[in-house]
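This report concerns only the one structure given below.
Here is the naming used below: chain letters follow the sequence lines, and residue numbers restart at 1 for every chain. Keep in mind it's a predicted model, so treat the numbers as computed, not measured.
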2 protein chains.
Amino acid sequence: MSISMRPSQALRLWQQVMLSQVRGGEPDLTMRQTAILLTIYLDPPPHTVRGLAARLNVTKPVITRALDTMGALKLVSRHRDELDKRNVLVRRTVEGALFVERFGDGIVVRAHELPI
Amino acid sequence: MSISMRPSQALRLWQQVMLSQVRGGEPDLTMRQTAILLTIYLDPPPHTVRGLAARLNVTKPVITRALDTMGALKLVSRHRDELDKRNVLVRRTVEGALFVERFGDGIVVRAHELPI
DNA sequence: GCAAATTGTTTCGCTTCCGTTTCAGTTTCG
DNA sequence: CGAAACTGAAACGGAAGCGAAACAATTTGC
């Protein structure tokens with residue numbers, strides 16, 4: 001059974017979640033950064049710069065810079081791949097897992113609060 | 001009857017919507033910009049810089065700059081309030097309405113495609 | 001063994017954004 | 001009338017983003 005919603009409900013949900021994030025002072029991530037973060041936390045590892053760039057259809061420097069920023073925020077971490085030292089493996093962090101978990105819970109709450 | 005979803009579904013929905021936006025080459029809005037845009041299109045007018053700043057709990061220059069960027073993208077427009085010339089009224093545009101409409105439809109589609 | 005290919009980062013010039021402060025224009029009100 | 005209040009924008013130095021191109025480090029394959 002899939003999830004059904006009308007476009008007006010979908011937009012209202014998005015607005016409420018965005019407002020709660022902004023008002024709560026959470027990091028002001030871009031859509032690209034959000035896509036990268038959620039891909040790292042939802043898709044099975046390993047995650048490489050190249051793989052993420054292909055998944056998002058963006059260039060590699062876009063991934064590098066997003067990892068710089070989210071790394072500074074402790075949302076993800078980087079580690080050299082010991083088997084193929086050209087690769088960088090992107091890993092989850094405790095802080096990032098908590099952030100994503102809170103984010104998901106927030107969506108659920110806002111969805112529940114939606115008017116009919 | 002409210003909308004029910006599990007956190008894992010909510011996160012997967014968010015990921016799929018973000019991925020489709022990024023891959024589709026849509027403007028890479030930040031959470032703040034998204035919150036502003038949706039507030040303008042979902043909440044009843046009039047919308048002023050001050051009002052939006054209060055709604056998002058951010059400073060006025062944040063709103064001014066976001067309107068600069070989204071104005072350049074033709075997603076919103078600014079007009080001086082003739083009744084109180086200190087105010088700037090933020091208005092919707094045809095392009096912005098189409099963008100928001102496509103966005104909402106995209107969410108609905110991704111929600112429908114979600115695994116159980 | 002060594003050129004070619006692959007990976008992720010860095011550099012370039014430029015744009016956008018930040019928070020804070022300052023400013024110009026307008027309205028309010030004593 | 002004129003001072004105070006209010007609104008949105010501009011100025012400031014700094015941080016972070018962009019695409020394109022060049023770059024080191026590593027692996028592949030002849």
**OP:** Give me the ring orientation class for B/W14 and A/W14: parallel if the planes are under 30° apart, tilted from 30 to 60°, perpendicular past 60°.
**Re:** parallel
Original post:
Is B/D84 touching bases, backbone alone, or none of the nucleic acid, heavy atoms closer than 4.0 Å?
Top reply: sugar-phosphate
Original post:
For the side chain of A/P61, counting heavy atoms from C-beta on, which of C/dT20, C/dG19, C/dT10 is nearest?
Top reply: C/dT10
**OP:** Please determine, by modelled atom types, if B/S2 and A/E113 share a side-chain donor-acceptor pair under 3.5 angstrom.
**Re:** no
Original post:
Of the non-hydrogen atoms in B/Q33 and B/M70, which two are nearest, and what is the gap between them?
Top reply: O-SD, 3.7 Å
Original post:
What does B/K60 touch in the nucleic acid at a heavy-atom separation under 4.0 angstrom: a base, only the sugar-phosphate, or nothing?
Top reply: base
Subject >> Rounded distance in Å - CD1 (A/I63) to P (C/dT6) >> reply: 19 Å
Original post:
Can you find a side chain N or O atom of B/T59 that sits less than 4.0 Å from OP1 or OP2 on C/dT20?
Top reply: no
Original post:
Rounded to the nearest 0.5 Å, how far does CG of B/N87 lie from CD of B/E82?
Top reply: 11.5 Å
Original post:
Rounded to whole angstrom units, what separation is found between the NE2 atom of B/H79 and the P atom of D/dG8?
Top reply: 15 Å
Subject >> Among D/dT27, D/dA16, D/dA9, the one nearest B/V88 by side-chain distance >> reply: D/dA9
**OP:** Take the protein atom CD of B/E82 and the nucleotide atom P of C/dG25, then report the distance between them rounded to whole Å.
**Re:** 16 Å
**OP:** Using whole Å, report how far CZ of A/R32 lies from P of D/dA16.
**Re:** 17 Å
Subject >> Between C1' of C/dT15 and CZ of B/R65, the distance in whole Å >> reply: 14 Å
**OP:** Identify which nucleotide among C/dT9, C/dG19, D/dG17 has an atom closest to any side-chain atom of A/T64, counting heavy atoms from C-beta outward.
**Re:** C/dT9
Original post:
Reckon B/T30 touches a base, only the sugar-phosphate, or nothing at all at heavy-atom distances under 4.0 Å?
Top reply: nothing
Subject >> OP1 or OP2 of C/dT16 under 4.0 Å from side-chain N/O of B/Q33 >> reply: no
Subject >> Donor/acceptor link under 3.5 angstrom from A/R80 side chain onto base of C/dG8 >> reply: no
Original post:
5'-most contact on DNA chain C: B/A66 or A/L89, nearest heavy atom basis?
Top reply: A/L89
Original post:
Rounded to whole angstroms, how far apart are CE on A/M31 and P on D/dC18?
Top reply: 14 Å
Original post:
Do the side-chain N or O atoms of A/R86 get closer than 4.0 angstrom to the phosphate oxygens (OP1, OP2) of D/dC23?
Top reply: no
Original post:
B/L67 CG to C/dC18 P: how many Å, rounded?
Top reply: 11 Å
Subject >> Atom pair distance, as rounded to whole Å: NZ in B/K85 and C1' in D/dA9 >> reply: 18 Å
Subject >> Point-to-point distance, once rounded to the nearest 0.5 Å, from CD1 of A/I36 to CE of B/M18 >> reply: 12.5 Å
Original post:
For B/N87 and A/D81, take the nucleotide of DNA chain D holding the closest heavy atom to each; which residue's nucleotide lies nearer the 5' end?
Top reply: B/N87
Subject >> B/Q9 versus B/R12, side-chain donor and acceptor atoms under 3.5 Å >> reply: no
Original post:
OP1, OP2 of C/dT7 versus side-chain N and O of A/R78: anything below 4.0 Å?
Top reply: no
**OP:** Could you tell me whether A/R50 contacts a base, only the sugar-phosphate backbone, or nothing, with contacts defined as non-hydrogen atoms closer than 4.0 Å?
**Re:** sugar-phosphate
